[in-house]
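The structure appears right after this line, and notes come after that.
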Amino acid sequence: MSWYPLGRVVGGTVFPGIMLTAGSLYFFLKKIVRITVNIKHVCVFMGPFFASNASLITYLFTKEVSKDYGAGLISAVMIAIVPGYISRSVAGSFDNECIAIFALILTYYLWLKAVNTGSMFYAASCALAYLYMVSSWGGYVFIMNLIPLHAFVLILVGRYSRRLYVSYTTLYILGTLLSMQVPFVGFQAVQSSEHLAGMGIFGLIQLVAAVKYVKSILGEKYFKLFLKILGFIAVSILVLFVAVGLATGYIAPWTGRFLSLLDPTYAKKYIPIIASVSEHQPTAWSSYFFDLQSLVFLYPVGLYYCFKNPSDSKIFLILYAVTSTYFTGVMVRLMLVLAPICVILGSMALSNMFKLFAYKIREFDEEDKKKKKAQSKKPTNQKKKKKTEQNKIFNLGYIAATLMIALLTALFISYIFHSIWVTSEAYSSPSIVLAAKGYDGNRIIFDDFREAYYWLRQNTAPDAKIMSWWDYGYQITAMANRTVLVDNNTWNNTHIGTVGKAMVKTENISAQVMEQHDVDYVLVLFGGLIGYSSDDINKYLWLVRIGGTVDPSIKEEDYLNSRKEFRVDSQGAPSFLNSMMYKLCFYRFWEVKTEGNKPSGYDRVRNTVMGNQNYELEAVEEAFTSEHWIVRIYKVLKKENRK
Amino acid sequence: MCVKQLVIIFFVVLAIQVFSDSSIDDVQVRQDLFNVKHQTSFVNEKVTKQIDLSALVPTQRIEIKTAFKKKGEPSSYFVTFQKDMSEKIAFIKASMIDGTSLEIVKDNKQSINGYSIYSINFPKEESTKKFHFIVELDLINSQIPSPKTVTQKENCFLVYTDNIFFYTPYLTKTQKTEITFPTNFVKSHTKLTPTELSGKKLVYGPYKQINGFSQADLKVHFQNNQPLPRIRSLTKTLTVSHFGNLFVDEYYVISNEQAKLVGEFSRLDYSRNKQLSARGSFQDATLHLHEKAYGFEYFDIIGNISTSQYTKTSGQTVVNLKTRFPIFGEWKTDFHFTYNIPLKEVLAKSKKTGLYRLTFPFGSSINAPIEDFEMKIILPEGTSKIKSEIPFGVDSQSFQVYNEFLDTTGRPVMVINKESLVPSHNQNIEIFYDLSFINMWRKPLLLVSIFFVAFCLIILISRINLSLYKSKKKQD
């Protein structure tokens, strides 16, 4: 159980897609094909399996847009290794995103197919793909905004067609109805403002269709009058709807995650729990290059080709590229959404340029052949022959074309090398097992997390309640099989705030909070011994900010010293040095010598000696500390057992 | 003479009954034990009982010089144990002093109310009536931590209880009992003159003229800071593949029987001074496997455990496993250890009977007693005439059916269960079975036929035209 003592309705708080997919794959393998396979193996290989599916779909998608097999093939190669996507699709990354990207590309592919053909079959299939996307990732909102945007832009630029009408109305009606079947979404699909665009465009497209129909019946003269009246009525009805909806609360207010997309500073101001996640930070410029490499240069070229020769689907690509580029600027996590479009545009660019220069070379070759033929008919002259050969070598266009092809090939190859390097360096190692190189070059493995979690699993009472920061909630639930107060499903900010409060207040207050919540063990992360920087002390200010949402007496400035610095040494703020979290992390650390020439109690993450030393713990006692001190678990003493 | 002795024993029993508050049941049982007909047939000339408490598994070595007092062929010699002792016996072995082993069989008919009687038959060709032999016991659950809880820096103490005398139906002329402790530090021990404690050794006796079924409680309380690893359960699964491999999966639940750790567990103290702060804890387990073993995996439910090593020495592979965390008193952990052995190393085919013979060690090579042992041998599909040969008694043997990888009729699984194992049980057992050649090719043939049928169907379907009218292209 998690979220003790509240509990959590699992069906209503998670997207079921990934579990359903893994479960059905497992069922298929185990019960139908009868291969001995463990559900864990299925989960581990979900990422690569869906990445390969995504590769196939990307091929189809690119081919559909560019009508070019070459571009399709290049895009399939590129998406297979693009670091931005591989970060979520390596073996063992069993996450919503690993199937969501496949579902996203599939939905878009079917949408373009529907728009291009006007076929209701494709639109309905698109709605099914959309259902799969809705059931697997919160990013489905992106689809429900991009497709209406596409339809809207098409209408604006005068590309309205019956094909668009058929595909959009089919998709919107079916897709919305289907998405409402997912418990986590439910009536949000028609009520929340994130989905409003889809509904608005649905109305608009009806209007446009009606107007076109009326126009074909009425004459030009009456039509203008009709248009004016109709426009007035439509606008007033729309305004009325929105006003009534907002007033009665049927249209939910903008949720935090979505608002932080539009206004990057929104979350930081109002919802610390969203801003505290590193994935929700704005993207650094370097990470664009890290995750996309040469695609950063290639995808504007692809955009150029889209503008040069626009079609319904190329307009879609432009919209997709522009919006997703904006969103990645807001949140690192959305790099995942940008990666496919970069790959598609980049491969179109590559393919087009390859073709351009390859045709040039072929032209020269053909000219050459013609000349040769012409020469062979005439009696051969050795001097003339030499001249033509020289011509061929010094022909500037020929050289440029060859050079360009070599350059593009080099770019492509460097992309492949970069992707492989990034994958092996950054995205292949599990975050639960840390590795470092020793002085003798040997690999040292820090398996502290699993050590501590397994200790909890084996040597605590089966109904023990464990309090920790929410980041480790899922891990404790799964690996230690114990009840936690809060976990990564951050559905209740108050409860998380209470845990934050228990961590940042003094031991006495913390003991009270823990007693109220029936806590048996407290788990903290401390990296000071080996220099593991993402520990609880470095997250401390987020605990303060989030704790401050439930208890106004927790103020950030109290935890900073007079120079507004957050320090763990003797110059740190007293309320920090006496807080529960500090005491738990640094307990008896003052006796440890971490580096030869430094005094004992030297924190290797903060590069300073700990401030508050030689204290005793009263409300808790050390129950377990992992080998490298990364995980420290304390047992909460009952009141009568306290010192 | 017979009557006289009976009377004496009767009085002894009466005395015991008076001094020790034994129940009526016990009297009844002892009277039943009188019915051991041959109780006067032997007289023990000299008995030396050696109790070794220094090892992980306490052992007893009882050296007996006995003489047959009746005429004719020597009958069975009975070795008896009281209730609390017989519960502790995990393994029993008897041999003549020169090393030739003797058959020792538990007499279930006469073992009542927890009292157990074992009988030994001496070799017939022995012309003398005097025998000099040894009975060896491995004990389980015989040492109890006292105090029951310790802190990280305290010493651990154990209590061992037994009978000072060798509990025998026969008259014993002289008897001596020796106890070896792991350390010099003995907190307390029972005194029964003559008793002498010197260093690690405690000697009782020699005592003269002890009547049958004599008893004197023995209790020793001594320091033992060594860990007491205990395998709470071990499930060993062997999967035999006649394509040349034997896959072994051993699932251990391992705990420490030392006094429970209370209070703080300080990693600082633990890593700083193992002598002072890691008393009674362990983190290592050593396995001795077959020389040709390969493909080791060491994992638990949350993934691989990254600390293990193996070395190949002549004749065996030594695997050193380190558990995720140190195991203190009453802590536990569990893990899987799997490996493969080329089948030809452990399987032979008898030319006489045509049966296959699989030889594999029982129990575990980890030096620790096992509470609950289960061995599953998954044999190939179509195996018949399965028989086992185990050098000692087991609790149960049964058969199951197992389905995996394209199995149709299922594979027969032999399941052997036994409780209370000690390292002495780590002996080879043999499984005999019959498997015809064709059964080996069942699955490949199955696959071939499935694909054959599938292709045939596709060929057929592609040649059938069910359309009602010919398509335009063809008409053109």
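Reminder, nothing fancy here: chain letters follow the sequence lines and each chain counts from 1.
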Does [atom1] in [X] sit with more than 12 non-hydrogen atoms of other residues, nucleotides or ligands closer than 6.0 Å?
{"X": "B:Phe243", "atom1": "CZ", "result": "yes"}
{"X": "A:Lys598", "atom1": "NZ", "result": "yes"}
{"X": "B:Phe399", "atom1": "CZ", "result": "yes"}
{"X": "A:Tyr615", "atom1": "OH", "result": "yes"}
{"X": "B:Lys260", "atom1": "NZ", "result": "no"}
{"X": "B:Tyr310", "atom1": "OH", "result": "no"}

Q: Using a strict cut-off of less than 4.0 Å between a Lys/Arg side-chain nitrogen and an Asp/Glu carboxylate oxygen, indicate whether A:Glu622 and B:Arg267 qualify as a salt bridge.
A: no

Q) B:Phe325 vs A:Tyr454 aromatic rings, parallel, tilted or perpendicular, using cut-offs 30° and 60°? A) tilted

Q | For chain A, the option from B:Arg324, B:Arg272, B:Glu330 that forms the most heavy-atom pairs under 4.5 Å | A | B:Arg324

Q) Using non-hydrogen atoms only, which part of B:Asn403 is less than 4.5 Å away from chain A: side chain, backbone, both, or neither? A) side chain

Q. Relative to chain A, which segment of B:Ser266 carries a heavy atom at a distance below 4.5 Å: side chain, backbone, both, or neither?
A. both

Given a strict heavy-atom distance threshold of 4.5 Å, which part of [X] is in contact with chain B: side chain, backbone, both, or neither?
{"X": "A:Lys635", "answer": "neither"}
{"X": "A:Arg632", "answer": "neither"}
{"X": "A:Ile445", "answer": "side chain"}

Q.
Does anything in residues 446-453 of chain A reach chain B? List residues with heavy atoms under 4.5 Å apart, or say none.
A. A:Asp447, A:Arg450, A:Glu451

**Q.** Among A:Trp455, A:Phe589, A:Trp629, A:Tyr634, residue most engaged with chain B (heavy-atom pairs, under 4.5 Å)
**A.** A:Trp455

Q: Would you mind reporting whether A:Asn459 and B:Phe328 have side-chain heavy atoms less than 4.5 Å apart?
A: no

Q: Supply the atom-to-atom distance A:Ile444 CD1 to B:Ser306 OG, rounded to the nearest 0.5 angstrom.
A: 12.5 Å

Q) What is the distance from atom CD of B:Gln283 to atom CD of A:Glu627, rounded to the nearest 0.5 Å? A) 6.5 Å

Q: Return the minimal non-hydrogen interatomic distance between B:Asp334 and A:Gln458, and the atom names on each side.
A: OD1-NE2, 2.7 Å

**Q.** Working for side chain to side chain contact (heavy atoms under 4.5 Å, CB included), residues B:Asp269 and A:Arg588
**A.** CA-CA 10 Å; B:Asp269 293 333; A:Arg588 293 192 74 191; 3.1 Å; yes

Q.
Please output the residues of residues 296-305 of chain B in contact with chain A, using a heavy-atom cutoff of under 4.5 Å, in numerical order.
A. B:Asp300, B:Ile301, B:Ile302, B:Gly303, B:Asn304

Q | Any side-chain donor near an acceptor of the partner, B:Glu264 and A:Tyr587, under 3.5 Å | A | yes

